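The structure displayed is predicted, hence computed values, not measured ones. Chain letters run A, B, ... following the sequence lines, proteins first, then strands; residues in each count from 1.
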Amino acid sequence: MEKPDNKTNENKTSLNFLEQIVENDIQSGKHGGKVLTRFPPEPNGYLHIGHAKSICLNFGLAKKYNGKTNLRFDDTNPTKESTEYVDAIREDVKWLGFQWQEPVWYASDYFDKLYEFAEYLIKKGKAFVCDMTAEEMSKGRGTPQIPGVESPWRNRSVEENLDLFKRMREGEFKDGEKVLRARIDMASPNMHMRDPVMYRIMHAHHHRTGNEWCIYPMYDWAHGQSDYIEGITHSICTLEFENHRPLYEWFLDNLDITENRPRQYEFARLNLTYTIMSKRKLLQLVDEKYVKGWNDPRMPTVSGLRRRGYTPASIRAFAEKVGVAKRENVIDVSLLEYCIKEDLNKNASRVMTVLNPVKLVIDNYPEGKTEQLPVKVNPEDPESCFKMVSFSRELYIEREDFMENPPKKFFRMAPGTEVRLKYAYVVRCDSVVKDYEGNITEIHCTYFPETKSGLPSDKKVKGTLHWVSISHSYEIEVRLYDRLFTEPEPENVSEDTDFKDFLNPDSLKVVTGYTEPVAIGLRPGKSLQFERLGYFVVDPDSNDEKMVYNRVVPLRDSWAKIEQKG
RNA sequence: UGACCGAUGGUGUAACGGUAGCACUACAGUUUUUGGAGCUGUCUGUCAAGGUUCGAAUCCUUGUCGGUCAACCA
């Protein structure tokens with residue numbers, strides 16, 4: 001099973017651009033050949049599959065080059081953050097299979113150090129306290145084409161700045177009354193360099209530092225310095241921070257940091273068809289009850305995927321396959337589905353479940369007789385063990401597996417045709433019973449004892465159906481999930497449509513299924529293949545009275561394609 | 001009409017001046033007691049125009065298209 005680790009030959013397979021950078025750095029002896037990356041979520045929401053890509057990238061890169069990865073919460077905005085999110089994020093990262101370098105870090109751990117750094121910049125004349133309102137500042141910033149105007153407070157003395165900054169910290173001023181700004185260049189073509197705000201006043205309770213602080217650092221000010229403090233070598237973020245890099249560098253430069261400087265690199269974030277990745281919009285789906293929570297199995301969140309039945313290995317494989325580059329991309333969700341099917345095909349036990357039952361009576365099978373048929377739990381696994389499946393005179397089969405007037409390529413049951421009941425016998429359909437409305441209520445057939453599974457038989461049939469013995473079956477609730485949106489790019493359909501216009505009304509259908517006893521009593525998270533239907537996973541809503549299964553992903557259905565083509 | 005970044009099949013991603021490859025999707029064949037899975041094969045691609053070179057997806061120039069940036073968010 002274990003793959004040999006001597007990839008030396010295969011190692012020539014191409015490196016992504018970040019791996020190339022790291023290898024160059026190691027070769028040139030930068031950072032003493034060490035690699036330390038970080039995953040820096042803001043605890044203001046749940047992680048989604050896009051974060052999972054970043055996690056796999058950061059942890060994977062470090063692991064590949066014998067480095068480590070820090071988990072650091074970027075908790076610089078107390079009004080939006082909470083420990084609920086901290087806990088959920090930690091759980092998700094662990095579940096994905098990654099170990100951070102202990103302990104968990106928080107940007108708030110560095111508030112003191114950051115304050116000292118800020119004083120250092122003030123003393124150098126590189127930062128100043130500004131009394132402009134947010135509105136004034138916005139007006140004065142200019143546009144990308146038009147330079148901004150300098151703040152009237154820009155040339156305060158070092159002493160005055162130091163004093164004011166101290167009083168900001170001591171709580172002398174109200175929210176919004178003053179900010180600390182870097183003193184860079186109001187005419188810079190890069191908007192981020194136009195004297196950006198470093199600290200704002202917020203009299204707010206912080207989930208870790210409580211009421212100790214009433215000034216909080218901005219992202220740009222906190223992030224690079226946090227990287228430096230932790231000794232991060234490669235600070236990897238998404239493309240939208242590319243324009244921030246000059247500022248990241250400026251802070252390091254002006255703090256006179258010359259040794260062990262972290263460097264920021266940017267890659268393109270993940271986008272997936274038929275879903276959305278914006279935290280804000282996902283929150284909207286939750287708040288407005290389009291889904292049942294952050295972990296709704298239709299959500300692209302890590303917790304949603306987990307409940308949907310995706311395994312950590314399948315998500316890691318996906319992250320590997322999507323690659324890493326700098327161009328905008330939209331990954332076809334079928335790749336994600338491929339990854340989970342590949343995993344579960346190898347690892348999920350098979351079970352027969354009927355979701356849309358119609359009664360099948362075998363007229364020549366003795367009433368009251370039951371046979372125990374031995375069945376391999378997973379035919380894909382050569383070491384698979386066997387289970388017993390009960391067979392009797394009255395069964396359920398899928399309504400879709402019978403047609404009274406079948407088209408040419410229909411290989412399933414029809415009057416007069418023969419099909420195999422999987423693991424059991426070949427049967428021939430003789431007649432149907434209908435109710436007064438014409439709905440089929442019973443199908444009657446004859447079985448051929450000599451065709452018992454395992455015996456040599458000359459009878460060849462084109463179709464094999466799954467079934468359950470009615471008296472031996474259990475009722476379960478089955479939640480059939482489908483994609484959340486009807487459009488591949490719900491946010492990009494046109495200027496005057498909203499992503500919510502394209503919510504799929506059929507993204508969830510709940511049905512009652514009939515299944516084998518082995519599918520009962522399994523713990524949440526356990527996945528099975530319902531033969532010929534798809535992969536399903538036990539939902540946490542299951543209890544002693546009722547099992548609930550979620551459909552992870554259906555099996556490929558070539559008949560559906562034939563049928564569609566007509 | 002600023003700065004920064006990007007452009008390779010339907011979708012992603014390689015090729016680092018020397019045969020455009022891989023994966024997903026789609027399609028076809030094969031196999032099959034899952035119309036699953038597997039196996040084999042097929043289709044479709046270097047944004048454009050110039051230049052450098054024996055040779056350009058790759059280097060240079062110009063253009064085109066796309067993304068990001070004007071929160072006291074991250």
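A gap of 27 Å separates the C1' atoms of B:rA3 and B:rU8, to the nearest Å. Of the P atoms belonging to B:rC65 and B:rU30, the separation is 50 Å, rounded to the nearest Å. Atom C1' of B:rC47 sits at a distance of 11 Å from the matching atom of B:rG66, rounded to the whole Å. Remark: the separation of the P atoms in B:rG21 and B:rA28 is 24 Å, to the nearest Å. Across B:rU58 and B:rC16, the matching P atoms stand 13 Å from one another, rounded to whole Å. Between B:rC43 and B:rG51, the distance separating the two P atoms is 33 Å to the nearest Å. Going from the P atom of B:rG38 to that of B:rA23 covers 12 Å, rounded to whole Å. Across B:rU11 and B:rG50, the matching P atoms stand 26 Å from one another, rounded to whole Å.
We find that NZ of A:K460 is positioned 12 Å from P of B:rU31, with the value rounded to whole Å. We find that CG of A:D175 is positioned 10 Å from P of B:rC73, with the value rounded to whole Å. Distance CZ (A:F536) to P (B:rU34): 18 Å, rounded to an integer number of Å. Between the NZ atom of A:K326 and the P atom of B:rG12 there is a distance of 18 Å, given to the nearest Å. Separating the CD atom of A:E242 from the P atom of B:rC5 is a distance of 7 Å, rounded to the nearest angstrom. The CZ-C1' distance, from A:R350 to B:rU32, rounds to 13 Å in whole Å. Taking atom NZ of A:K376 as the reference point, atom C1' of B:rU34 lies 15 Å away to the nearest angstrom. Between A:E398 atom CD and B:rG35 atom C1' the separation is 14 Å, expressed in whole Å.
Under 3.5 Å, the side chain of A:R327 and the base of B:rG66 form no donor-acceptor pair of N or O atoms. Residue side chain A:N243 reaches the base of B:rU68 through a donor-acceptor N/O pair under 3.5 Å, judged by distance alone. Between the base of B:rU34 and the side chain of A:R532 there is no donor-acceptor pair shorter than 3.5 Å. Applying the 3.5 Å distance criterion, the base of B:rU33 shares a donor-acceptor pair with the side chain of A:S453.
Under the 90° criterion around 0 for the glycosidic angle, B:rA48 counts as anti.
For the pair A:L344/A:T311, a side-chain contact is recorded, criterion being any heavy-atom separation below 4.5 Å from C-beta on.
At a threshold of 4.0 angstrom between heavy atoms, the contacts of A:V197 are confined to the sugar-phosphate backbone, with no base atom among them. Counting any heavy atom pair closer than 4.0 Å across all strands shown, A:K279 reaches no nucleic acid atom. Within the nucleic acid shown, A:A325 comes within 4.0 Å of sugar-phosphate atoms alone, with no base atom in reach, counting heavy atoms only. Nucleic acid contact class of A:H223 (heavy atoms, under 4.0 Å, all strands): none. At the heavy-atom level, A:V426 lies nowhere under 4.0 Å from the strands shown. At a threshold of 4.0 angstrom between heavy atoms, the contacts of A:R245 with the nucleic acid are absent. Residue contacts shown for A:E380 include a base, since a base heavy atom lies under 4.0 Å away. No contact: A:T79 has no heavy atom under 4.0 Å from any strand. Within 4.0 Å of A:L421, counting heavy atoms only, lies no atom of the nucleic acid at all.
The aromatic ring centroids of A:H51 and A:Y46 lie 6.0 Å or more from each other. Aromatic rings of A:Y514 and A:Y396 (six-membered ring for Trp) have centroids within the 6.0 Å cut-off, being under it.
Remark: B:rA70 base-pairs with no nucleotide; criterion is Watson-Crick or G-U wobble with both hydrogen-bond distances under 3.5 Å. The partner of B:rG55, taking Watson-Crick or G-U wobble pairs whose two distances both stay under 3.5 Å, does not exist in any strand shown. Nucleotide B:rU13 has B:rG21 as its partner under the Watson-Crick or G-U criteria, with both atom distances under 3.5 Å. Across all strands shown, B:rU40 is found opposite B:rA28 as a Watson-Crick or G-U wobble partner, with both distances under 3.5 Å. The nucleotide B:rG63 finds its pairing partner in B:rC47, both defining distances of the Watson-Crick or G-U wobble pair being shorter than 3.5 Å.
A side chain to side chain donor-acceptor pair (under 3.5 Å) with A:Y423 holds for exactly one of A:E531, A:H466, A:K376; it is A:E531. With respect to A:N378, the side chain to side chain donor-acceptor pair (under 3.5 Å) criterion is satisfied by exactly one of A:R350, A:E383, A:Q529: A:R350. Only one option out of A:T417, A:T464, A:D401 pairs with A:R412 in a side chain to side chain donor-acceptor pair (under 3.5 Å); it is A:D401.
Put simply, CG on A:D195 and OG on A:S188 are 10.0 Å apart, with the number rounded to the nearest 0.5 Å.
In this model, the phosphate group of B:rU34 is not approached by any side-chain N or O of A:R556 to a distance below 4.0 Å at OP1 or OP2. A close approach under 4.0 Å does not occur between any side-chain nitrogen or oxygen of A:T464 and OP1 or OP2 of B:rU32.
Between A:F530 and A:F536, the ring-plane angle classifies as parallel under the 30° and 60° cut-offs.
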